[in-house]
Visitor: 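One structure, as C-alpha cells, below. Some questions next.
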Amino acid sequence: MSLELNKKALLYYLSSHASVSYEVLSGRLQCSRRTLKLLIESLLYSYDHIFSIQEMNGKLSIRIHDEAAFKVLVTEDLLLSTDLNSFHKRQAIFFQILLEADDYLSADTIAEQLGISRRSLTRDINRMKVVLETYRLRIVSKSGVGIQLVGSELSKRLLYLYEVMDYLETKLELPKELMETYRDFVQYHRFPIDVERTFHSTLLLTVLRRKHHLNEMDFTWFTSQQTLDLPTIFYDILSYFMERPLTKTEKEFLTFPMQLGLLPAEIARVEILEMAERILYQTVREFGITLDIQESAQVLQRHLVYMLNRSVMKWRFAEVSLREQLIQSSFSKIVSQFFVDRVVDMTGISISEKEVVLLAAWMELLMARKSKPLIGRVAVITQSGQSFHYLVETQIRQIFGEAVQLDFLDFVNHLPYEELNKHYDLIFTDNLMYSQNLFQPFLSLSLVTKENQAEREALERTVLGRKIGMYSQVINVQFDECQTYEQNLELLLAEMVEKQLISSEAGQKLRDKEANHSAISEDGYAFPHLTDTSLNQLIVVVSEEFPFALETRAGQTISDFILLFVPVELDDFNQDLLFKIFDNTFRMSGETHIKERLGLTHSFERIRICKQERSNNG
C-alpha cells in the first residue's frame, strides 16, 4: 500500500472508532508501530488545524476540528498531494494518458511525461498489466508506432473511476445549474461520503468521456432500479450541456453507486430467474440434495441481481468479517462455489470469491428449510446493527413463514449452545461483510451444527478478546507459586502502582476490600475487583499460565484468577463490555480457564511476580 493510501486508511479507521491500539492499527495497515508514528507525525505536521490525534495508555483517538476540511482531506487531498515517486501515482497518470488517447502513443513520450526512463516504464508496465487484467483490458504494442489500451468502454471507465480518478485533480467545470441539482439530490438522500464521492466521479466521467459510447452488451446483466433514478431536470440540464440526450447505458453508469446499495427494492428479471432455476437443477443433480427449484429460484433472484450488479461494476470487497473462516469447509460453501462457477460460465462475468461466501448464506437457509420443514423457533447470533436485523428478519420470514419466532442474540454473550439447542429449531451466526464503499450490510449467515460448534465458540471468544484488548488495558501476570495467594496479590498491586497503572489509593482500597471479604468462589476462582474514580479505562489482569495452583492462608486452592479495575463512569459500550467480561468469567468449565473464555490469547503487557527480585531491586 502506498504512503498516501496508508494515511487515508489510518484516518478512516481512527475516525470510525472511539480509540484504537497500535497493535490493531499495525495489523490493519500491515505496518510497524514505528511506521505508524511516522505517519501520524507527518499528518499532524501538515493538518493539525483540521484534526488532532491523542495517545493515552497505548491507544490512539482522533478529534476532528473541521468536519468539511477533513472530508475533503480523506477523499481528495491525500491522494492529490502525492508525487511521481509513488508507483500508484505514476500508474494513475499512465492509465490516464492511455485512456485519453485515441491512437497509439510512443512509449518514449509517455516515459518523458512521467519523468522516468524507458527501462523504468517497461518495469512499471509489467506490474500495471496485472491491474489491467482485472478490468479485462490489455496493452497492445506496435513496433515503431507505440502502445494502445484495448478493451470495452465500460472497462475503461471503471479503470478511470477506481485507479485514476482519486489521484487526479480534474479541471472539468460542470454547469452551475447541474451542480445545484446534483447537490440537492445527494443532500436529500443523505448518501455516505464514499457513495457521494463515487457518484460525483461517475458524473464527471459521463461528461469527460461523452464522445466514447458505452456498449449495451456490457450492461446485459446489470439491473437498473428506477426508485433511485435522478430527477428529470437533472437529465435535461446534463443533456443540454452534452449537446445530446443521454443514452440508457449512460444513465445506468451514472447512477450505479446508488443502485448497488439499494436493498429493499423488489426486482424481477425473467432471464435471471431462468438462470437460477437452471443452475439449481444442475446443483441438485451434482450433489443429490433436495430443493424446491422454482421456489428456491424465486428466493435467490434478488440476491443474484445484486451479485451481478456488483460484479459488472467491479465493486470490490475490501473488508471481510473474521467469521468468514467459519464456513470455509462447510457444505453450503461447496454448493455456493459450484453455483457461482456456473453463473460465471453462463454470463462470462468475473465474480469475486467473496460473493461465494455471501451466496453460502442463502444456501444455508434453503437447505435448512428443506431438511427441517417444520421450523417454529429460530435464533440469529449477531453483533450487527438494526439494518442487518431488519434484512435478516425479512428474509427468514420469507423462507420459514410469518409465524416463526425469531430472536437475535449477542455474538459474544449468549447461553451455551447446549442450552440454545433445547429452545430453538435452528441457530444461525452472522458473517456480516462490507464492501469497500457500500453502505448496506449483506445477508450472510452460517448454520450452527454440532460439527462446527466448538470452532464457533472459539471464534466468539476471539471476537470478545479483541474487543477487550482494544478498549481495555490487559495484563498477563505470572504468579510465584512458592508464595500464598495473598502474597502474590500484594506483590501484583505493588507492581501495578509502581508502573503507574493504578494509583496507590486504588491499590490500598482493593487491599482493604479483600481483607474484609476476599472475592473467591467456592470452586477456587479468585476475582478481586474494584470500582474507583481515579481510573479512566477498564483494567483486566489474568493469569498467564494455566494450570497453576496457589493456596490461600486458609488453605483454599486457587485454580483461576482475574483482577478487574473499573472506572466509576462507563459509557453504554464499555458497560456492555464489562457485563460480557463478568458473564464469561463465571461460566464455569473444567476445560477452559478465564483467559481462554475471554479470548485473551494475544500478547499483552506482562507482570512477573517474584518476591526475591523485588526485594533486591528495592
Visitor: Look at the aromatic rings of Phe256 and Phe222 and report parallel, tilted or perpendicular, splitting at 30° and 60°.
Guide: perpendicular
Visitor: From Met346 CE over to Ile279 CD1, what is the distance, rounded to the nearest 0.5 angstrom?
Guide: 4.5 Å
Visitor: Kindly say whether Gly469 contributes a backbone atom to a donor-acceptor pair with the side chain of Ser472 at under 3.5 angstrom?
Guide: no
Visitor: Under 4.0 Å between a side-chain nitrogen and a carboxylate oxygen: does that hold for Lys129 and Glu133?
Guide: no
Visitor: Going by atom types only, do Glu419 and His414 share a side-chain donor-acceptor pair under 3.5 Å?
Guide: no
Visitor: For a quick check under 3.5 Å, do Glu216 and Thr249 share a side-chain donor-acceptor pair by atom type?
Guide: no
Visitor: With distance as the sole test, does Arg138 use its side chain to make a donor-acceptor pair with the main-chain N or O of Val150 at under 3.5 Å?
Guide: no
Visitor: Using the side-chain contact (heavy atoms from CB on, under 4.5 Å) rule, take Tyr471 and Leu577 through it: C-alpha gap first, then chi angles, then the decisive distance, then the call.
Guide: CA-CA 9 Å; Tyr471 295 99; Leu577 183 62; 4.0 Å; yes
Visitor: Please indicate whether His212 has more than 12 foreign heavy atoms, meaning atoms of other residues, nucleotides or ligands, lying under 6.0 Å from its NE2.
Guide: yes
Visitor: Compare every heavy atom of Met313 with every heavy atom of Leu158, then report the nearest pair and how far apart it is.
Guide: CD2-O, 3.9 Å
Visitor: Apply side-chain contact (heavy atoms from CB on, under 4.5 Å) to the pair Leu254 and Phe234, showing each step before the final yes or no.
Guide: CA-CA 12 Å; Leu254 178 65; Phe234 185 93; 3.9 Å; yes
Visitor: Quick one: does Lys156's side chain have a donor or acceptor within less than 3.5 Å of a partner on Leu137's backbone?
Guide: no
Visitor: Arg461 vs Glu596, test: salt bridge (charged side-chain N to carboxylate O under 4.0 Å, His left out). Steps then yes/no.
Guide: CA-CA 7 Å; Arg461 291 195 295 268; Glu596 288 182 342; over 6 Å; no
Visitor: Given the rule in the side-chain contact (heavy atoms from CB on, under 4.5 Å) test, do Met307 and Val343 qualify, once you have shown the distances and angles that lead to the verdict?
Guide: CA-CA 10 Å; Met307 183 182 80; Val343 173; 4.0 Å; yes
Visitor: Quick check: closest heavy atoms across Ala368 and Phe428, and the distance to 0.1 Å?
Guide: CB-CZ, 4.4 Å
Visitor: What are the two closest non-hydrogen atoms of Leu291 and Ser296, and how far apart are they?
Guide: CB-OG, 4.2 Å
Visitor: For Asp410 and Ile381, work out which heavy atoms get closest and say how close.
Guide: O-CG2, 3.7 Å
Visitor: Counting distance only, does the side-chain N/O of Asp292 pair as donor-acceptor with the main-chain N or O of Glu295 below 3.5 Å?
Guide: yes
Visitor: Decide yes or no for Thr202 and Leu205: does some side-chain heavy atom of the first lie under 4.5 Å from some side-chain heavy atom of the second?
Guide: no
Visitor: Determine whether Arg209 and Leu214 make a side-chain contact, defined as any pair of heavy atoms from C-beta on separated by less than 4.5 Å.
Guide: no
Visitor: How close do Trp221 and Asn309 get, heavy atom to heavy atom, and via which atoms?
Guide: O-OD1, 3.8 Å
Visitor: Could you grab the distance from atom OG of Ser332 to atom CE of Met367, nearest 0.5 Å is fine?
Guide: 5.0 Å
Visitor: With no hydrogens and no angle check, is any side-chain donor or acceptor of Ser155 less than 3.5 Å from a backbone partner on Tyr135?
Guide: yes
Visitor: I'd like to know whether the aromatic ring centres of Phe331 and Phe287 sit less than 6.0 Å apart in this structure.
Guide: yes
Visitor: Mind running side-chain contact (heavy atoms from CB on, under 4.5 Å) on Leu154 and Glu252 for me, showing each step along the way?
Guide: CA-CA 11 Å; Leu154 176 60; Glu252 290 177 333; over 6 Å; no
Visitor: Side chains of Arg136 and Ser152: is there a donor and an acceptor less than 3.5 Å apart?
Guide: no
Visitor: How would you list all residue pairs meeting side chain to side chain donor-acceptor pair (under 3.5 Å) that involve residues 267-284, not counting sequence neighbours?
Guide: Thr223-Arg269, Arg269-Glu271
Visitor: Is there a side-chain contact between Phe70 and Ile62 in this structure, where contact means two heavy atoms from C-beta onward sitting under 4.5 Å apart?
Guide: yes
Visitor: Can you tell me if Asn421 uses its side chain to pair, donor with acceptor, with the backbone of Tyr417 under 3.5 Å?
Guide: yes
Visitor: Hey, what's the ring geometry for His303 with Trp362, parallel, tilted or perpendicular (30° and 60° as the breaks)?
Guide: tilted
Visitor: Taking CD in Gln398 as the centre, count heavy atoms belonging to other residues, nucleotides or ligands within less than 6.0 Å. Is the count above 12?
Guide: yes
Visitor: What pair of heavy atoms forms the shortest contact from Ser336 to Ala360, and how long is it?
Guide: OG-N, 3.4 Å
Visitor: Check this for me: does any side-chain nitrogen of one of Arg397 and Glu393 sit under 4.0 Å from a carboxylate oxygen of the other?
Guide: yes
Visitor: I'd like to check Leu464 versus Phe411 (side-chain heavy atoms, cut-off strictly below 4.5 Å). Are they in contact?
Guide: no
Visitor: Just wondering, do Leu149 and Phe95 contact through their side chains at under 4.5 Å, heavy atoms?
Guide: no
Visitor: Any donor and acceptor pair, going by atom type alone, linking the side chain of Glu364 with main-chain N or O of Leu447 inside 3.5 Å?
Guide: yes
Visitor: Are any of the side-chain heavy atoms of Gln96 and Val164 separated by less than 4.5 Å?
Guide: yes
Visitor: Are the ring centres of Phe219 and Phe253 closer than 6.0 Å?
Guide: no
Visitor: Drop me the distance from Lys580's NZ to Ile468's CD1, to the nearest 0.5 angstrom.
Guide: 10.0 Å
Visitor: Main chain of Met217, side chain of Thr220: is a donor-acceptor contact present, judged purely on distance under 3.5 Å?
Guide: yes
Visitor: May I ask you to test the Thr382-Leu409 pair for a side-chain heavy-atom distance under 4.5 Å?
Guide: no
Visitor: Checking side chain to side chain donor-acceptor pair (under 3.5 Å) for the pair Tyr235/Glu250: CA distance, chi angles, key distance, verdict?
Guide: CA-CA 11 Å; Tyr235 290 128; Glu250 283 176 325; over 6 Å; no
Visitor: Just how far is it from atom CG of Leu359 to atom NZ of Lys354, taken to the nearest 0.5 Å?
Guide: 15.0 Å
Visitor: Side-chain contact, heavy-atom cut-off 4.5 Å: Thr198 with Trp315?
Guide: yes
Visitor: Out of curiosity, Leu208 CG to Ser201 OG, how far, rounded to the nearest 0.5 Å?
Guide: 11.0 Å
Visitor: With a cut-off of under 6.0 Å to the ring centre and 45° to the axis, is Arg342 in cation-pi contact with Phe338?
Guide: yes
Visitor: Output yes when Asp407 and Arg377 qualify as a salt bridge under the 4.0 Å nitrogen-oxygen rule, no when they do not.
Guide: no
Visitor: Under the salt bridge (charged side-chain N to carboxylate O under 4.0 Å, His left out) rule, what do Glu153 and Arg157 come out as? Steps first, then yes or no, please.
Guide: CA-CA 6 Å; Glu153 173 59 20; Arg157 290 194 185 193; 2.9 Å; yes
Visitor: I'd like to know if the side chain of Asp430 reaches the main chain of Leu445, judged simply by a donor and an acceptor atom lying under 3.5 Å from each other, with no hydrogens or angles considered.
Guide: no
Visitor: In Å and rounded to the nearest 0.5 Å, what is the CG to CD1 distance from Leu426 to Ile375?
Guide: 4.0 Å
